[in-house]
Amino acid sequence: MNVYRYEQNPLMAPADVKPYHDGFEVIGAFNAGVTTFNDETIMLLRVAERPISEDSAIVKAPIYNPQTNQLEIFEFKLDDPAYDFSDPRVIRENGSSQGFKYLTSLSYLRIARSKDGRSFTVDDQPFIYPANELETYGIEDPRITKIDDTYYIYFSAVSPVGVGESLVSTKDFAAKEHLGMIFAPENKDVLIFPEKINGKYYAIHRPVPKSNGNPEMWIAESTNLVHWGNHKFLLGLRDGMWDSGRMGGGAVPFKTEKGWLELYHGASKDHRYCMGAVLLDLEDPTKVLARSDNPILEPEAPYEVEGFFGNVVFSCGAVVEGDVVKMYYGVADTSMACAELSVQEILDSLTYL
Ligand code: MAN
């Protein structure tokens, strides 16, 4: 697989983004949703900010209060035996079988614009900021699907009651409408197809079942983009392979002559995140035709291997021009990068089922 990583990588790093909150630092500008608007490439960045800690023995957790529209900051002592701080992204309660209790940063979405797709200028203000009870720990990992003249933006909404997926629409990246939560917790990595297929909208989604089952890819249909049903299992983990630990959709699926191509992420059990591809039937996207046995992109460049959470390449959006797919992707939960790949080479690399 020929992978052309831009010389300018990383295209956007935390140091390029001014914190929005006083007394905070930007620790991530990553996992951006991508689209084109008015002859510009738009990266809708997940910006993660955390309160600056003067004391290295203290970890802080920022939480949005929808009543006051302000952030509140909770403080924890690193040597507090009640908590586990081993994952830099989260604070866990020791002895609890639950996932995390708090996040160590708060994410929101900010627009970066570019004429050439390589050098980006970031807006000063957030475009989508936590706005309700289901977003108090932040909003993350947006994807953007353009349907007719409307851009649908959907993202992980994180709060004490779980991580679900919420939907916002805009026509101009100025005015926007919040359409509520479309997939209840735990669900992430939703990808809405850019057109109706046989009269229905489709979305890939990634629930995290608990009694049994795994974090794997599902597909649902809708007539209005807000209410989703007729859920079907789509694609699962594979033991001993690059996608053995967890997986989920990545970029918005796009049409090729062979089928819908979905660039998805898969992680090994030790959290090494790679990108691969799955081909879905053009007329019935619930049918899997072919899949990557090997990743199409894996963390190799220094900026992919090292960072806040290293060994991660994680795409939330691509721009497709003829045979060229410009895959934008978050690196190491820190920055943004882009690589060009050939659609034909990806198709040729797939194993048919
Ligand atoms: C995981 C990671 C984090 C993220 C939380 C909540 O721990 O993806 O980056 O903040 O989930 O979504």
Side-chain angles (χ1 to χ4, degrees), residues 14 24-33 44-51 59-64 71 74 83-93 96-110 128-130 132-143 154-166 181-190 205-210 214-217 243 245-250 264-275 299 304 307-316 329-336:
F24 278 59
E25 58 186 339
V26 173
I27 58 162
F30 63 118
N31 297 3
L44 186 58
L45 297 166
R46 167 180 175 187
V47 175
E49 295 193 12
R50 77 175 170 205
V59 181
K60 299 182 180 181
I63 295 166
Y64 170 74
L71 293 187
F74 289 41
Y83 296 100
D84 168 2
F85 303 98
S86 59
D87 182 332
R89 305 172 298 181
V90 301
I91 300 168
R92 291 198 170 87
E93 269 179 327
S96 155
S97 58
Q98 301 284 308
F100 60 81
K101 186 78 179 160
Y102 301 103
L103 297 181
T104 53
S105 62
L106 180 119
S107 295
Y108 62 87
L109 311 181
R110 208 148 136 182
I128 306 181
Y129 191 82
N132 60 47
E133 292 288 346
L134 298 176
E135 300 173 355
T136 57
Y137 287 3
I139 58 178
E140 308 176 341
D141 303 352
R143 274 78 172 189
Y154 36 102
F155 47 82
S156 305
V158 190
S159 79
V161 293
V163 185
E165 190 89 2
S166 290
M181 187 168 272
I182 51 172
F183 289 91
E186 181 168 341
N187 211 314
K188 280 186 179 185
D189 302 323
V190 172
H205 61 104
R206 206 291 306 275
V208 183
K210 204 144 186 214
N214 290 302
E216 298 177 319
M217 288 161 71
D243 46 8
R246 47 201 305 120
M247 64 190 311
Y264 73 96
H265 68 265
S268 56
K269 294 216 163 63
D270 56 354
H271 309 293
R272 184 171 187 263
Y273 281 75
C274 298
M275 294 298 302
E304 298 165 349
F308 182 66
F309 197 85
N311 279 313
V312 176
V313 294
F314 189 98
S315 177
C316 296
Y329 58 103
V331 292
D333 278 8
T334 304
S335 304
M336 281 302 297

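Just follow the structure's listing: the first ligand is 1, and inside any ligand the first atom is 1.
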Please tabulate, line by line, the atom pairs linking an N/O of ligand 1 to a protein N/O at a distance below 3.5 Å, with the distance in Å to 0.1, or answer 'none'.
residue  : atom   : partner : partner atom : Å
ligand 1 : 9 (O)  : Arg46   : NH2          : 3.2
ligand 1 : 10 (O) : Arg46   : NH2          : 3.1
ligand 1 : 10 (O) : Glu140  : OE1          : 3.3
ligand 1 : 10 (O) : Glu140  : OE2          : 2.6
ligand 1 : 11 (O) : Lys188  : NZ           : 3.1
ligand 1 : 12 (O) : Glu140  : OE1          : 2.6
ligand 1 : 12 (O) : Lys188  : NZ           : 3.1

**Request:** Taking atom types as modelled, find out whether Glu49 and Tyr108 have a side-chain donor-acceptor pair closer than 3.5 angstrom.
**Result:** yes

**Item:** Test applied, side-chain contact (heavy atoms from CB on, under 4.5 Å); reference residue, Ser315; option that passes from Arg143, His265, Met275
**Value:** Met275

**Message:** Side chains of Thr104 and Arg50: any donor to acceptor distance under 3.5 Å?
**Reply:** no

**Prompt:** Mind checking whether His205 and Phe183 have parallel, tilted or perpendicular rings, split at 30° and 60°?
**Reply:** parallel

**Prompt:** Would one find more than 12 heavy atoms of other residues, nucleotides or ligands at under 6.0 Å from atom NZ of Lys60?
**Reply:** yes

**Message:** According to salt bridge (charged side-chain N to carboxylate O under 4.0 Å, His left out), who are the partners of Glu133, at least two apart in sequence or on a separate chain?
**Reply:** none

